[in-house]
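First the structure, in the form of structure tokens, and then the observations on it.
In each ligand, atom 1 is the first atom listed, and ligand 1 is the first ligand listed. If you read the sequence from its start, that first residue is 1, and numbering goes on from there.
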Amino acid sequence: MTTHDAVEVITAKRDRAELSDSQIDWVIAAYTRGDVADEQMSALSMAILLNGMAPREIARWTAAMIASGERMDFSSLSRPTADKHSTGGVGDKITLPLAPLVAACGVAVPQLSGRGLGHTGGTLDKLESIPGWRATLSNEEMLEQLESVGAVICAAGDGLAPADKKLYALRDVTGTVEAIPLIASSIMSKKIAEGTGALVLDVKVGSGAFMKDLARARELAETMVGLGKDAGVHTVALLTDMETPLGLTAGNAVEVAESVEVLAGGGPADVVELTLALAREMLRGAGVTDVDPADRLADGSAMDAWKAMVRAQGGDPDAPLPQARESHVVTAEASGTLTRLDAMSVGLAAWRLGAGRARKEDPVQAGAGVVWHARPGDEVREGEPLFTLLTDEPERFDRALASLEGGYDISADGSSYTPQELVIDRIG
Ligand code: URA
């Protein structure tokens, strides 16, 4: 590999030049080894955020991050594979019912997930509220479970795209998370290295999402779909609404309980709708067109796959879930139609109650979170419960209540309510 100099690469991007393949390969490899310092990579990340990257540079950057670690191989499995990635939202528990549902339709789901940081929850944090469940599996255990159960949700091992692990931590503390080339390459390097055959991206748009506006969400989705297709992964993206939180719960154990309701054939309509929309895309991507996932929810086979998946990772799917020690009910101050429920306000409240973490090493409370008793469009009555706040530490209620202030509107005649489509667009 040609050797470059970090300052040469930084100044090239600072001066709006396109980086060469060789510069990109070198800087990623040298940063992973520790030969490029954090402050140099910070400067380069900021230059990329400000000046952007051409599609060729993004593709090469992604390839270099994949090459920094191992690639998994599921080609020995007897069924096709499909995975889903969500850019993160409030109440977004969709992976929990989705993975076993797709497995019940005959497609293996290798889900490498993360823990939550900030106001959006992490899938692993949610599953860890199930007594006994463990997130860490070896690659061999993962493969075995994919063959026997058909679905795995576990922590990504250290071997997968280590360049991204290092770079993401750095971006988090240098104001460079929001660069579309860096987000797209970060997400796609992990998904391509994971070795899934098909990938469905759920790109969230709105107050509770990473991408607040549709134009940027679309640009991110198009960039990621392009990267996936170039790497031979059948990739599509759905742009979905995150102005309103999903379902009726945000937290850990409360979201597991809601997911189990969906697997039992019930649950909130929006969670069911998005689970089925994503399942259909995953099945199509994997070439399975003769199964309707709605049938697998109705006949109990998705629930069977869920229980098998939880048990395979040491969890007891029938054990009671942890409950918060304290609760506080917020009642409606007027009667009328709930016309707005802001995802960011709810996400922040759940986080402040202890469901999420401020720093990577912080613990989360399994029982903490927010339950809302109405969704936009529903009628509410003065004095009836609107939210239930849950935490083990009652001193957290005040700050959680503050974040809900101004986070919803009740209108006497409902005239200001316009329903928002959940699936805004499909890119693929
Ligand atoms: N999630 C990732 O994995 N990487 C990013 O850069 C942003 C979100």
Give a yes-or-no answer on whether the side chains of Thr176 and Thr174 include a donor-acceptor pair shorter than 3.5 Å. yes
Which of the atoms in ligand 1, numbered in the order shown and given with their element, are less than 4.0 Å from a heavy-atom of Phe210? 7 (C), 8 (C)
I'd like to know if Glu8 and Lys13 make a salt bridge, using a cut-off of under 4.0 Å between side-chain N and carboxylate O. no
Quick check on contacts: which atoms of ligand 1 are under 4.0 angstrom from a heavy atom of Tyr168? 1 (N), 4 (N), 5 (C), 6 (O), 7 (C), 8 (C)
Arg311 vs Asp316, test: salt bridge (charged side-chain N to carboxylate O under 4.0 Å, His left out). Steps then yes/no. CA-CA 6 Å; Arg311 282 196 190 103; Asp316 178 355; 5.7 Å; no
Closest non-hydrogen atoms of Thr275 and Leu101, given as atom of the first, atom of the second and distance, are CG2-CD2, 3.9 Å
The atoms of ligand 1 lying under 4.0 Å from a heavy atom of Ile183, numbered in the order shown, are 6 (O), 7 (C)
Distance-only polar pair, side chains of Thr240 and Lys204, donor-acceptor under 3.5 Å: yes
heavy-atom search around atom 3 (O) of ligand 1 in the protein gives Lys190 NZ, 2.4 Å
Distance-only polar pair, side chains of Asn252 and Gln365, donor-acceptor under 3.5 Å: no
Is any N or O atom of His85, backbone or side chain, closer than 3.5 Å to an N or O atom of ligand 1? no
What do you reckon, does Ile187 put a non-hydrogen atom under 4.0 Å from ligand 1? yes
Which residue and non-hydrogen atom of the protein lie closest to atom 4 (N) of ligand 1, and at what distance in Å? Ser186 OG, 2.6 Å
